[in-house]
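Structure record follows, encoded as structure tokens.
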Amino acid sequence: GGATAFAYTQQLWIFKPSFVAYPKETFASSILAKNLAVESSQNVITFKLESVSRDVGVKELDLGWADYLAYLPTDAKFLFSVDYQVDINEGSLPDLKVSLNASGGYENNFYEAGLDAIKKAENFFVKLNKISNLPFMPDLSSITGHWVKLSGEGTSTSTDSMGIEILKEINKGLVEAKKNQIKAKETLMMFAQIADQKGLILFKNKPKIEVVGGVELVRYDIQINKMAVIPVLEKIMDDSNIEGLPGTAELLNDLSVKTYLSGEDGQKILDYLESNFEFTVWTDKAGQSVRTLEKLKIVPPASILTWENKQIVLSVESQIKNINQPIEIILPTEYKTVEDIEKIIEASPAGSALTEARLKSQSAMLKASVSSIRAEAELVYDKQTSYGKTPFVLGKCKKTVNTLFGEKTISDLLDLATNNDISQAICVSKLAQGKVASYAISVPLPDIPDSSWCVDSSGASKKITGAIKSDKCE
């Protein structure tokens, strides 16, 4: 075929006519067509950012905002990887298996974290593999290494609700992706064909065979043709129908993108990328892309003394494995529930710190909710010339009809402040001169024993000892 003939004319190899290789004129669309035909695979993506010694003669970033790089630590290093398996066949929503790992830091500060997650049908599990102690967080080492079941058969109501909410968000994203899948494929192929037509892809060197991980692959060193960038954008903005890629239409059809890239700063960026951006693609003998590496050198101006001998390298490496192979996702047989993990935490040194943090968070939400009642109460007064039609005797709060506390806007805030147990609040409203002229509310503070947050009709919003005893925050 044409790809094999191209390989022969480029002298990619001798006696290896079975290898498929692509010319630059159809590279984007050929590679994409192969990728879009993948129905299942294991994917590993690694992001890496680190500061290294500056290359001799490297092109500097000559833009005004580059001066902000002076605030970055010169010894920073960050690594993030995601290893995921997913089946994108037509039909039911895919099951997923994901591993996330991150590490990084600067000077003597180094942190790392790792998390696994499994979704199969309605079952959702997570496992925290490792996490460093951060200055603002308690020690969580006691809960690492345990699979935790968040949803599915055997989980309690409280646990199930948490897991189901997470699962709903995952399924929502998968449903949206599936809905747009066909249109997105068509749109991406259109983009690739335009890129080929306008000559966006150039080869820095002739494609060649090299051994990577013990396997012979075809290597392409890609260079973006900066002279083709604007023509590609113009063609896309004129012809594209990108319903399958939500949000992309607004971006690509924003003429300021073209205007910026056509201007002085835009040309500087294109020149900079031409010198400091590397993009390599490896394909297997069938022409399937199995590995990519993108590398960008971020070179601060030498006038920034802290960076005069250093530069930042940002790289993104992607590997595709087990292409179109059956994906087997096995659910853990040994696991804990969220309640089990809470007990482990409570029994650990981290327990008291987490409890304190949780109570402070609850108190902050309580204060905000109770304080908001003042404004809502004034709206009731403006409408009725009274804080409700009938008074409320001092005592545990109730949503009594015709009282201030039976008004939906008020009772909703009380529900929020008391975790849907309005009887925790103490309420009162009093008559004066034929109308309900005053009120007060107090709700116990979770983090301060024998104290409450109080609001009243005089405008007070403050902490008090115990609960209210009248229509004043006293």
Side-chain angles (χ1 to χ4, degrees), residues 100 102 109 111 113-115 117 124 126-128 130-144 146 148-151 155-170 336-377 396-397 405 408-427 440-456 460-468 473:
L100 302 173
N109 304 297
Y111 307 102
L115 176 75
F124 185 49
V126 296
K127 180 175 67 171
L128 184 64
K130 56 186 175 183
I131 185 167
S132 297
N133 293 332
L134 298 175
F136 52 86
M137 286 181 60
D139 183 3
L140 298 178
S141 59
S142 60
I143 64 171
T144 59
H146 300 291
V148 182
K149 190 172 187 178
L150 297 181
S151 69
T155 51
S156 68
T157 302
S158 60
T159 306
D160 203 38
S161 62
M162 180 200 299
I164 286 177
E165 286 305 313
I166 298 173
L167 202 57
K168 281 181 179 177
E169 291 302 312
I170 294 175
K336 297 184 181 299
T337 65
V338 172
E339 287 83 357
D340 294 332
I341 294 298
E342 287 176 346
K343 290 176 183 177
I344 292 174
I345 293 175
E346 288 171 0
S348 73
S352 58
L354 284 175
T355 299
E356 182 181 353
R358 182 170 64 249
L359 292 177
K360 285 184 179 296
S361 174
Q362 291 172 354
S363 282
M365 182 177 293
L366 182 154
K367 291 175 184 179
S369 301
V370 174
S371 298
S372 298
I373 289 175
R374 291 179 301 166
E376 295 299 332
K396 291 183 177 181
C397 216
F405 314 111
K408 188 175 187 310
T409 54
I410 304 296
S411 63
D412 283 350
L413 287 168
L414 283 169
D415 279 337
L416 192 59
T418 62
N419 196 25
N420 295 314
D421 183 6
I422 194 173
S423 65
Q424 291 183 29
I426 303 299
C427 299
I441 302 168
S442 67
V443 183
L445 289 167
D447 63 330
I448 307 176
D450 301 321
S451 296
S452 299
W453 195 258
C454 177
V455 295
D456 64 28
S461 180
K462 63 181 183 179
K463 180 175 73 69
I464 63 171
T465 301
I468 56 170
C473 290

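Excluded from the calculations below are hydrogen atoms, water molecules and symmetry mates; all remaining heavy atoms, backbone and side chain alike, are included.
Summarising the local packing, CG of D450 is surrounded by 12 or fewer heavy atoms from other residues, nucleotides or ligands at distances under 6.0 Å.
Rounded to the nearest 0.5 angstrom, D456 CG and I441 CD1 are separated by 9.5 Å. How far CD of Q362 is from CG of D447: 9.0 Å, rounded to the nearest 0.5 Å. Rounding to the nearest 0.5 Å gives a distance of 11.5 Å between CG of L366 and CG of L359. Atom CD1 of I468 sits about 8.5 Å away from atom OG of S452, to the nearest 0.5 Å.
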Carefully, step by step, assess V370 and L413 under the rule side-chain contact (heavy atoms from CB on, under 4.5 Å).
CA-CA 7 Å; V370 174; L413 287 168; over 6 Å; no
Go through it in stages, so that I can follow the logic: the residues are T144 and K130, the test is side-chain contact (heavy atoms from CB on, under 4.5 Å), and I'd like the CA-CA distance, side-chain angles, deciding distance and then a yes or no.
CA-CA 6 Å; T144 59; K130 56 186 175 183; 5.5 Å; no
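For the residue pair W453/S363, the side-chain donor-acceptor check at 3.5 Å is not satisfied.
Under the salt bridge (Lys or Arg N to Asp or Glu O under 4.0 Å) criterion, D412 pairs with K408, not counting sequence neighbours. Evaluation of the side-chain contact (heavy atoms from CB on, under 4.5 Å) rule for K336 yields H146, D340, I341, I344 as partners, not counting sequence neighbours.
Nearest heavy atom pair, residue A425 against residue L414, reads CB-CD2, 4.2 Å. Between I464 and A467, the shortest heavy-atom distance links the atoms CD1-C, 3.9 Å. Here the shortest heavy-atom pairing between T418 and Q424 reads O-NE2, 3.5 Å. Of all heavy-atom pairs between I410 and A377, the closest is CD1-N, 3.7 Å.
Judged by distance alone, the side chain of S411 and the main-chain N or O of F405 form no donor-acceptor pair under 3.5 Å. Using a distance-only test at 3.5 Å, with no hydrogens or angles considered, no donor-acceptor pair links the side chain of S451 to the main chain of L445.
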